Structure formats: structure tokens, C-alpha cells
Trainee: 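This is the structure I want to talk about, given as C-alpha cells.
The chain is numbered in sequence order, starting from 1. What you see below is based on every heavy atom in this structure, not just the backbone, and it leaves out hydrogens, waters and symmetry mates. Bear in mind the structure is a predicted one, so any value in this text is a computation, not a measurement.
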Amino acid sequence: MYHRRINRVTDRNITLSLVANPSHLEAADPVVMGKTKAEQFYCGDTEGKKVMAILLHGDAAFAGQGIVYETFHLSDLPSYTTHGTVHVVVNNQIGFTTDPRMARSSPYPTDVARVVNAPIFHVNSDDPEAVMYVCKVAAEWRNTFHKDVVVDLVCYRRNGHNEMDEPMFTQPLMYKQIRKQKPVLQKYAELLVAQGVVNQPEYEEEISKYDKICEEAFARSKDEKILHIKHWLDSPWPGFFTLDGQPRSMTCPSTGLEEEVLTHIGSVASSVPVENFTIHGGLSRILKTRGELVKNRTVDWALAEYMAFGSLLKEGIHIRLSGQDVERGTFSHRHHVLHDQNVDKKTCIPMNHLWPNQAPYTVCNSSLSEYGVLGFELGFAMASPNALVLWEAQFGDFHNTAQCIIDQFICPGQAKWVRQNGIVLLLPHGMEGMGPEHSSARPERFLQMCNDDPDVLPNLQEDNFDISQLYDCNWVVVNCSTPGNFFHVLRRQILLPFRKPLIVFTPKSLLRHPEARTSFDEMLPGTHFQRVIPEDGPAAQNPENVKRLLFCTGKVYYDLTRERKARDMVEQVAITRIEQLSPFPFDLLLQEVQKYPNADLAWCQEEHKNQGYYDYVKPRLRTTINRAKPVWYAGRDPAAAPATGNKKTHLTELQRLLDTAFDLDAFKNFS
């Protein structure tokens with residue numbers, strides 16, 4: 001929820017925002033920190049004097065969940081600090097049924113906070129005045145030193161873990177003592193009566209008054225007939241939607257740009273925009289190559305990203321790119337932060353020198369954390385729809401240690417909490433013969449969690465069908481084969497009239513592949529992201545002669561075209577690239593199939609059969625064609641590991657899948 005009220009002490013408005021919390025202990029910690037950082041950023045609060053975070057914890061989870069440690073380790077990093085958080089630990093001295101002597105190795109559940117030297121105040125929760133005093137001291141510490149502080153409320157759980165739980169099963173002696181214990185309110189009231197601060201009738205009157213407030217509110221709740229979504233959002237995004245929470249349109253403008261804008265961004269991307277700055281000699285060659293690409297009206301992957309970012313900055317869209325080694329890029333292709341070779345800590349971010357009144361660009365290497373950092377960026381993206389927030393994994397499979405954020409927040413967030421979020425995940429993916437680690441970003445996992453029905457053909461005649469599909473989906477999954485399409489999908493993420501998470505399987509070898517280039521012509525006004533890139537070679541000129549229509553996505557396209565050319569089969573085999581896997585482009589693929597009436601259909605992928613895209617694509621392709629033809633498979637056999645660790649085996653497997661793809665008799669025995 002999001003609520004503005006008057007602070008009765010200062011007589012000023014204060015905004016309270018409660019972040020949705022899945023039942024995964026401590027998972028919301030970094031999300032709250034990211035949202036806090038964003039709110040500070042947008043109101044220019046560089047010292048944390050206007051916005052702060054309060055995190056509530058349980059004792060067992062605070063000690064046991066590693067995400068607490070990850071969140072603490074972000075607390076003092078320049079691009080992640082929120083200038084101090086107040087942590088309140090409700091220390092029941094038990095975790096569900098587990099005795100603390102079995103639940104942690106440290107003396108206190110709060111000892112994890114010692115990694116950042118946070119002061120920890122242990123206070124007896126049966127003493128309300130002591131609790132108030134400690135909380136005031138903690139707040140004063142935070143506001144004075146702008147560092148994290150912990151309040152450990154040492155207390156007990158009077159009943160079981162939930163309504164059905166019987167704690168006497170596992171903690172009989174503890175609960176015999178608890179049942180003898182007077183409740184806090186009764187104990188405090190007796191103290192005040194004994195001290196003459198209040199008398200018994202006054203105490204009973206206060207209790208009655210509060211009970212009446214609760215009873216009346218309960219009675220009023222029965223008259224509520226309409227659930228207002230806006231009452232249940234942690235960030236309202238004023239002006240982005242209509243008053244009833246709907247998109248202002250169901251269209252998306254062209255994502256192309258004027259050529260002079262492309263040229264200007266390219267010139268900055270290939271230069272050092274400040275004087276007296278010495279860069280590395282190898283980087284000079286990289287910038288020179290970029291300049292030559294711009295001169296030839298062409299972009300590679302790094303330039304396409306640069307132009308997407310630079311153009312959005314011009315339009316006032318803040319961009320934040322975070323993750324491990326993102327400033328340079330894992331594969332040394334990005335170089336968004338230049339380092340002076342002679343002066344320590346002297347850096348330059350050319351992206352912040354593009355336009356006079358541009359939005360700021362934040363690019364920041366994160367700590368070596370995925371769970372915490374992805375949660376932080378998700379929280380940052382919550383605060384405003386007018387920002388492009390991206391998290392890049394060092395390698396695509398690194399997202400597996402952030403799976404909780406993906407499963408509990410990103411994938412189902414809108415379905416659970418009516419909460420849109422436009423975060424972008426960049427996941428390097430591809431079988432390069434480098435072994436099982438870091439080959440696969442596990443696309444099958446993301447596709448399995450898509451909410452579309454593989455057996456139902458949607459209404460292809462619907463107005464703005466592609467935008468309606470995007471509006472109905474829980475996230476967008478793409479694997480671009482060209483830099484230009486990557487450029488368009490990043491710009492589309494902001495130009496859409498609503499927000500959805502975007503999962504991008506980014507390339508490795510394609511970053512420098514000589515054929516992975518895009519002309520300016522494909523990025524000019526009027527151009528759009530291509531959900532499907534159809535065959536445009538000789539096969540498309542005489543479609544009735546095509547014997548096989550291959551569908552694929554991503555890098556394997558370049559292996560297929562090279563093999564097709566070597567076999568002189570450019571007129572017999574057509575290759576169609578599915579760039580947007582989800583929502584599935586039923587309409588465009590139906591056109592492709594109808595174009596080649598005599599072709600059999602096959603899906604080709606470099607991933608193993610039980611991985612990758614096959615199990616997602618096959619039923620949807622079959623639905624597209626009303627199951628008129630089989631959809632064959634050309635790819636690696638099923639396997640437990642994502643890839644082989646032997647280079648020779650890798651090449652053998654690759655050649656085998658290419659042989660299958662171009663053997664026009666390969667599937668006859670299965671017909």
C-alpha cells in the first residue's frame with residue numbers, strides 16, 4: 001500500500017509505502033532497499049534525509065537467510081547505499097518449531113549485522129518504554145551517521161506459528177513458561193496504575209475505545225463492494241495510466257530514430273568527450289572501430305545498445321544498468337566507463353555527455369551478488385515507469401541464484417499484486433564449446449512460466465494484436481539475432497503504454513560476429529521491433545520450391561545460414577527467425593507456414609532437446625497450423641548438463657544437428 005498522512009509531531013505530510021512481501025523470508029529486503037534508493041534518486045535526496053527504509057525481520061530468518069547478508073553488503077556501496085536502514089528484529093526466540101540452539105551458530109540472531117559494524121540494540125519487549133527509548137536512539141543514530149542500525153526486540157511468541165499450530169509438541173517447557181507470563185499490555189497497565197499515572201477505569205476506557213474503533217471498521221468493511229486497485233499499490237505512478245488504471249492507448253509508436261540522432265550518439269560512443277584524459281591503447285582501437293561502423297552507417301551489438309540508451313536519455317528517460325562487471329561488460333564489448341590510465345579513480349562516462357538536458361545515466365558494477373542485486377534493481381524499477389532499469393548477469397546461468405526474485409516477484413508480480421514492472425534482464429546465452437558452466441541462461445525455465453495457452457489460437461484479427469498480446473502476458477521473452485532488433489526491443493520497453501518485465505537472452509560470440517551487423521536503414525523512423533524475421537533470400541522468391549522451413553532463434557541462425565550456403569540449398573530451405581518467443585507470434589508464423597505450402601516444418605536449436613525452446617515452441621506451432629503438419633526437431637539429444645565439456649564433442653554435436661536440419665529425407669522414416 002501507499003499512504004500519505006500527517007505526522008502529528010512535525011505537522012507535515014509523510015508518505016508510507018509498504019512493499020508487497022511474498023512468503024519467502026527476507027526476500028523483500030533488497031526490493032525495499034532498491035525502491036528506497038529510487039525514491040531518493042527522483043527527489044534529489046543524496047544524503048538520505050528525505051527518504052529512509054525500515055525493514056522488519058524475524059530472528060530465525062535474520063540469522064539463517066543469506067539474502068540478509070547480501071543486503072547488508074549493499075548498504076555502503078556508492079550506487080546502492082540508502083544512507084542507513086533501521087532494522088527491527090522481532091526476536092521470538094524460536095523459528096516455527098526450531099530451537100535457536102539448533103538454528104544458528106552465533107550467540108545472537110542479529111550477529112550478521114556485525115559485518116558492517118552496525119550498532120545492535122537488544123531490548124526487553126516486555127518494557128514498552130525501553131522499546132520506545134531504543135527506537136528513538138536507533139533513529140537518531142541513522143539520521144546522524146547515515147548507517148544501518150538494528151533493534152533486537154527480545155520477546156516471545158504467545159501462540160503457535162499459525163492458528164493450527166500446537167507449540168507444546170516441540171517446546172513444552174518454553175510454552176509452560178509463556179502461559180504463566182502476563183501479556184505486555186496487562187503488565188504495563190498494572191505498572192502505570194501502580195505508579196498512579198492512570199487508574200483502572202481510565203485504562204478500561206482506552207481499551208474499550210480502541211476495540212470500538214476496530215469493531216466499527218470491521219462493520220464498515222462489509223459494505224465495501226468495489227476493490228480499488230490504486231489502494232493496493234506501493235507506488236502509484238501518477239499520470240501514467242488513466243484514472244481507472246488502464247493504459248492510455250493500445251498502440252506503440254515506431255521505435256526508429258532520425259539518422260542525425262544515430263550519428264550523434266555514434267560519434268560520442270566512439271570518442272572521449274573530455275580533455276586531458278588518457279585511455280588504454282586497446283580501447284583506442286575499439287573506439288576507432290566504432291567510428292568506422294558509424295561512418296559506414298552500421299552498428300554492432302555494443303553500438304546498438306548505446307544508441308537505444310542514448311536516445312532514451314535524450315527523451316528524459318533515466319537508465320540504470322547494474323550487475324557484475326557491467327561497466328566494461330563481461331566480454332569487454334561495452335566500455336561505458338572509461339578509466340584514465342595515469343590517474344586513480346579518474347573516470348568518464350561518455351553516455352552522460354550526449355545532450356545538454358538529458359536524463360542521467362547510471363551504470364554500476366555490483367557486488368558479487370545476484371539474489372540481492374536483482375531484488376534491488378526490481379525495487380528501483382517499482383518507483384517510476386519512466387526509467388529503463390536493467391540487470392545483466394555476468395553469464396546467463398547466474399540468474400539461478402536469484403531464482404527467488406524471479407519466481408516470487410518478477411514472473412507473478414502483476415498477477416499477485418496488480419503491480420506492473422518494466423525491469424529488463426540481460427542474460428548472456430549460447431553454446432560456444434566452452435563447457436557446461438555459463439553456456440545456458442536456461443530459457444526453458446522462463447518459457448515454462450509464461451502464462452499463455454499453447455493449445456488455444458488467439459483471435460488474430462484483433463486490433464493491435466501484438467500489443468494486446470504484450471498487455472496480457474506476464475513477461476516478454478526475446479532472443480534477438482541482430483543488433484538492430486536488440487535496439488528496437490529496448491526502446492519498445494519504454495514506448496509501450498504499460499510495463500512488463502523483459503527477459504533478453506543476449507549473445508556472446510555474436511558481439512563480434514562480422515555478420516551480426518545492422519544498417520542504419522533498419523533503425524530509422526517507421527521501423528519497429530521484428531517479432532519474426534522471415535526468410536528474405538532466394539527461397540522467399542520461389543516459395544513453392546522450398547522443401548523445408550526451418551524455425552530457429554538467436555545465434556544458431558548464423559550456423560544454419562553458413563551450412564545452407566555450403567550445401568548450396570538456398571532455394572530448397574527457408575529459415576525463419578523467431579525473435580520474440582513469448583508472447584508467441586502466432587499471426588506472423590501462420591503467414592510463414594502458408595507461404596511455403598510444400599515445405600515440411602522443423603524447429604532447430606543448439607540447446608539439448610529437454611532444454612531450450614523446443615517444448616515451448618512445438619505445441620504453439622502445431623496450434624498455429626491447426627496440427628496440419630508435424631513439427632520436427634533438429635538439435636542436440638536430451639542431456640542432464642547444459643553443454644559438453646569437450647570441444648571436439650561440441651563440434652560433433654553441432655555438425656550432427658546441421659546434418660539433420662539439411663537432410664531433406666531425415667524425417668521421412670517418422671512420417
Trainee: Distance-only, no hydrogens or angles: does the Q605 side chain make a donor-acceptor pair with backbone N or O of F551 under 3.5 Å?
Mentor: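 Answer holds: no.
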Trainee: Any side-chain heavy atom of I575 sitting closer than 4.5 Å to one from C552?
Mentor: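 Yes; the side chains approach each other to less than 4.5 Å.
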Trainee: Report the residues that fulfil salt bridge (charged side-chain N to carboxylate O under 4.0 Å, His left out) with E653, sequence neighbours left out, ordered by chain and then residue number.
Mentor: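 With neighbours one apart ignored, the set is R636.
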Trainee: Are the charged groups of R548 and D600 less than 4.0 angstrom apart, N to O?
Mentor: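 A salt bridge is present here (some side-chain N lies under 4.0 Å from a carboxylate O).
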Trainee: Taking only residues two or more places apart in sequence, or in another chain, which ones meet F487 in a ring pair (Phe, Tyr, Trp, His ring centres under 6.0 Å)?
Mentor: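 F487: no ring pair (Phe, Tyr, Trp, His ring centres under 6.0 Å) contacts found.
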Trainee: Residues two or more places apart in sequence or in another chain: which of them pass side-chain contact (heavy atoms from CB on, under 4.5 Å) with Q448?
Mentor: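 Q448: no side-chain contact (heavy atoms from CB on, under 4.5 Å) contacts found.
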Trainee: Should L447 and D615 count as side-chain neighbours, where that means a heavy-atom distance under 4.5 Å?
Mentor: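 Result no, sub-4.5 Å side-chain heavy-atom pair not found.
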Trainee: Suppose the criterion is salt bridge (charged side-chain N to carboxylate O under 4.0 Å, His left out): which pairs have a residue in residues 474-483, not counting sequence neighbours?
Mentor: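 Of all non-adjacent pairs touching residues 474-483, none passes salt bridge (charged side-chain N to carboxylate O under 4.0 Å, His left out).
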Trainee: Strictly distance-based, threshold 3.5 Å: is any side-chain N or O of Q493 a donor or acceptor partner for the main-chain N or O of G422?
Mentor: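 Yes: the side chain of Q493 pairs with the backbone of G422.
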Trainee: State whether R562 and D559 are salt-bridged, where the test is any N-O pair (Lys NZ or Arg NE/NH1/NH2 against Asp/Glu carboxylate O) under 4.0 Å.
Mentor: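 Answer for the salt bridge query: yes.
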Trainee: Do we see a donor-acceptor contact under 3.5 Å between the side chains of N542 and E571?
Mentor: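 Absent: no donor and acceptor within the cut-off.
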Trainee: Sub-3.5 Å donor-acceptor pair from the side chain of S254 to the main-chain atoms of T527, do we have one?
Mentor: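 Pair found, side chain donor or acceptor close to backbone of T527.
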Trainee: Assess whether salt bridge (Lys or Arg N to Asp or Glu O under 4.0 Å) is satisfied between E444 and R442, documenting all intermediate values.
Mentor: CA-CA 5 Å; E444 64 277 3; R442 295 293 188 178; 3.1 Å; yes
Trainee: Show every salt bridge (charged side-chain N to carboxylate O under 4.0 Å, His left out) that has at least one partner inside residues 509-537, sequence neighbours left out.
Mentor: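 Matches after skipping sequence neighbours: R297-D521, R531-D587, E535-R564.
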Trainee: Could you tell me which residues satisfy ring pair (Phe, Tyr, Trp, His ring centres under 6.0 Å) with F529, sequence neighbours excluded, listed by chain and number?
Mentor: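 Here no residue qualifies.
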Trainee: For F662, what residues pass the ring pair (Phe, Tyr, Trp, His ring centres under 6.0 Å) criterion, not counting sequence neighbours?
Mentor: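 Here no residue qualifies.
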Trainee: Could I get the full list of side-chain contact (heavy atoms from CB on, under 4.5 Å) partners for D455, not counting sequence neighbours?
Mentor: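 D455 satisfies side-chain contact (heavy atoms from CB on, under 4.5 Å) with D453, T623, R627 only.
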Trainee: Can N479 and Y557 be counted as having a side-chain donor-acceptor contact under 3.5 angstrom?
Mentor: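 On atom types as modelled, these side chains do not qualify, holding no pair under 3.5 Å.
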Trainee: Can you list everything that forms a side-chain contact (heavy atoms from CB on, under 4.5 Å) with A639? Sequence neighbours excluded, please.
Mentor: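 H608.
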Trainee: H353: which residues meet the ring pair (Phe, Tyr, Trp, His ring centres under 6.0 Å) condition with it, sequence neighbours left out?
Mentor: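 With neighbours one apart ignored, the set is empty.
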Trainee: Taking V556's backbone N and O only, do any of them form a donor-acceptor pair with E606's side chain (distance below 3.5 Å, no angle check)?
Mentor: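 Not confirmed, E606 side chain does not pair with V556 backbone.
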Trainee: Does NZ or CZ of K547 come closer than 6.0 Å to the centre of the six-membered ring of Y596, within 45° of the ring's axis?
Mentor: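 Not satisfied by the 6.0 Å and 45° rule.
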Trainee: What pairs meet the salt bridge (charged side-chain N to carboxylate O under 4.0 Å, His left out) rule with one or both residues in residues 475-499, with sequence neighbours excluded?
Mentor: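 Residue pairs with at least one partner in residues 475-499: E315-R491.
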Trainee: Applying side-chain contact (heavy atoms from CB on, under 4.5 Å), can you list everything that pairs with S439, at least two apart in sequence or on another chain?
Mentor: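 side-chain contact (heavy atoms from CB on, under 4.5 Å) list for S439, sorted by chain: M431, A643.
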Trainee: Please check this pair: side chain of N400 against backbone of D397, looking for a donor-acceptor N/O pair closer than 3.5 Å.
Mentor: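 Indeed, once roles are kept as given, a pair shorter than 3.5 Å links the two residues.
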